[in-house]
Amino acid sequence: MRTDGSRWLLRHAPWTYSVLPVLLLWEAVGRLGLFVFIPPLSQVTAAAISLAGGGQLWVEGLRTIGSVLVGFGLAAAAGTVLGVLMARHRLVEAAFGHYVDALQNIPAAATVPVLVLLLGLGRTSIATVTFVFAFPAITINVYAGVKHVDPRLVQMARSFGAGEWALVRRVILPAALPLALAGMRLGVGRAVNGAVLGEMMISSIGLGGLLMYYGGSFKVRELYALTLLVVGIAGTLMAIVQVAEKRAGRWIR
């Protein structure tokens, strides 16, 4: 029988049931020395605190977050516009749909060298990699959301004389919002991956550059600490979008 405390945790912090056992197992495996490159979680935490006390982590972390925000912001705007146009106009879908699919499936290792050749070894290339990672997921979900709008809503708006712009703004976008925000949540996670990968492969700056440095120097505790930080950044941004997604769902209902 569950206690009041366990009921509260299950309702307000269900992650404790899945995350805490993994963290305890990590600490135990590290303490037992079963794997050379898995230090105890307590040592990784100490390394994270040490890194946070220095200025370099904050500088490089802000660089990475800046690339994420720029790339994701552009991807969100472009993906929303293209997703709506593809869903509303067959000619646009025929012209651009295969490019979106190609971006969704193309390997990152093939994308980054081409962008370096075109844009150079600067922040522009990293922001572009971030954009390329996030853009397809957002576009596809916006497209799916618009396609699944109830045709009766569209017909009703047409019967009241709504033009295309009013129809999209007042009917289609609100109805497609849940799937569109689900695409935003996927897109922001992919944007973090793209920014870190771009930094690792292009110019060795930001958190990606620090990951390359600590990995190449076999500083395992710092490497794990930075990896957890990247996961935390992605999780936080995805949680923010998820909150907006839930509120939008209640607003629509």
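Residue numbers run from 1 in the order of the sequence given. When reading the values below, keep in mind they use all heavy atoms of this one structure, side chains included, and skip hydrogens, waters and symmetry mates.
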**Student:** Run the side-chain contact (heavy atoms from CB on, under 4.5 Å) test against Ile65 and tell me which residues pass, sequence neighbours left out.
**Tutor:** Leu69, Ile233

**Student:** Counting N and O atoms only, with roles assigned by atom type, does the side chain of His148 sit under 3.5 Å from a partner on the main chain of Ala144, one being a donor and the other an acceptor?
**Tutor:**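 It does hold such a pair.
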
**Student:** Let me check something: do Val230 and Val22 share a hydrophobic cluster, defined by ILVMFWY side-chain heavy atoms less than 4.5 Å apart, either directly or through other members?
**Tutor:** no

**Student:** Atom CG of Asp101 and atom CD1 of Ile106: how far apart are they, to the nearest 0.5 Å?
**Tutor:** 12.5 Å

**Student:** If I compare all heavy atoms of Pro136 with all of Leu103, which pair ends up nearest, and what's the gap?
**Tutor:**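 Distance-wise, the nearest heavy atoms are CG-CB, 3.6 Å.
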
**Student:** If hydrophobic clusters are built by linking Ile, Leu, Val, Met, Phe, Trp and Tyr wherever their side-chain heavy atoms come under 4.5 Å apart, do Leu186 and Phe131 end up in the same one?
**Tutor:**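 No; Phe131 is not reachable from Leu186 via cluster members.
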
**Student:** Same cluster for Leu179 and Val188 if Ile/Leu/Val/Met/Phe/Trp/Tyr side chains link at under 4.5 Å?
**Tutor:**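 As far as the 4.5 Å side-chain criterion goes, Val188 and Leu179 are not connected within one cluster.
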
**Student:** Roughly how far, to the nearest 0.5 Å, is CE of Met184 from CD1 of Ile240?
**Tutor:** 14.5 Å

**Student:** For Ser67 and Ile126, indicate whether the former's side chain and the latter's backbone hold a donor-acceptor pair under 3.5 Å.
**Tutor:**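 Checked: no pair found.
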
**Student:** Under 3.5 Å, side chain of Glu199 to main-chain N/O of Leu207, donor-acceptor pair present?
**Tutor:**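 Between the backbone of Leu207 and the side chain of Glu199 there is a qualifying donor-acceptor contact (under 3.5 Å).
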
**Student:** Under the criterion side-chain contact (heavy atoms from CB on, under 4.5 Å), I'd like the reasoning laid out for Leu226 against Leu57: C-alpha separation, chi angles, the key distance, then a yes or no.
**Tutor:** CA-CA 9 Å; Leu226 279 174; Leu57 177 64; 3.5 Å; yes

**Student:** With rounding to the nearest 0.5 Å, note down the distance linking OG1 in Thr45 to CG in Leu41.
**Tutor:**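 One finds 4.0 Å between OG1 of Thr45 and CG of Leu41.
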
**Student:** Where is the tightest heavy-atom contact between Met200 and Gly208, given as atom of each residue plus distance?
**Tutor:**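 The answer is CG-O, 3.2 Å.
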
**Student:** Determine, stepwise, if the pair Leu197 / Phe133 fulfils side-chain contact (heavy atoms from CB on, under 4.5 Å).
**Tutor:** CA-CA 10 Å; Leu197 180 64; Phe133 267 65; 3.6 Å; yes

**Student:** Could you check whether Glu222 and Tyr213, counting side-chain N and O atoms only, form a donor-acceptor pair closer than 3.5 Å?
**Tutor:**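 No - no donor-acceptor pair under 3.5 Å links their side chains.
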
**Student:** Give a yes or no on whether a salt bridge exists between Glu60 and Arg63, defined as a side-chain N under 4.0 angstrom from a carboxylate O.
**Tutor:**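 So Glu60 pairs with Arg63 through a salt bridge.
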
**Student:** Can you find a pair of side-chain heavy atoms, one from Ile172 and one from Arg88, that are under 4.5 Å apart?
**Tutor:**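 Heavy-atom side-chain distance check passes, below 4.5 Å.
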
**Student:** Any idea which heavy atoms bring Ile138 and Gly187 closest together, and the distance?
**Tutor:**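 Where Ile138 meets Gly187 most closely, the heavy atoms are CG1-CA, 4.2 Å.
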
**Student:** Rounded to the nearest 0.5 Å, what separation is found between the CD atom of Glu27 and the CD atom of Gln43?
**Tutor:** 8.0 Å

**Student:** Provide the closest heavy-atom pair for Ala75 versus Ala134 in the form atom of the first, atom of the second, distance.
**Tutor:**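 The pair with the smallest heavy-atom distance is CB-CB, 3.8 Å.
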
**Student:** Report the distance from atom CH2 of Trp58 to atom CG of Leu51, rounding to the nearest 0.5 Å.
**Tutor:** 11.0 Å

**Student:** To the nearest 0.5 Å, what is the distance between OG1 (Thr64) and CG (Leu210)?
**Tutor:**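 Rounded to the nearest 0.5 Å, the OG1-CG separation comes out at 8.0 Å.
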
**Student:** Any chain of hydrophobic side-chain contacts (each under 4.5 Å) joining Leu25 to Tyr224?
**Tutor:** yes

**Student:** Hydrophobic cluster membership, with links at side-chain heavy-atom distances under 4.5 Å among I/L/V/M/F/W/Y: are Leu23 and Ile49 in one?
**Tutor:** no

**Student:** Any side-chain heavy atom of Leu82 within less than 4.5 Å of one from Phe135?
**Tutor:** yes

**Student:** Has Met212 got more than 12 heavy atoms of other residues, nucleotides or ligands less than 6.0 Å from its CE?
**Tutor:**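 Not more than 12 within 6.0 Å, no.
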
**Student:** Write down the atom of Val192, the atom of Leu237, and the distance for their closest heavy-atom approach.
**Tutor:** CG2-CD1, 4.0 Å

**Student:** Check for a donor-acceptor pair, side chain of Arg185 on one end and backbone N or O of Val241 on the other, with a separation under 3.5 Å.
**Tutor:**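 No: the side chain of Arg185 does not pair with the backbone of Val241.
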
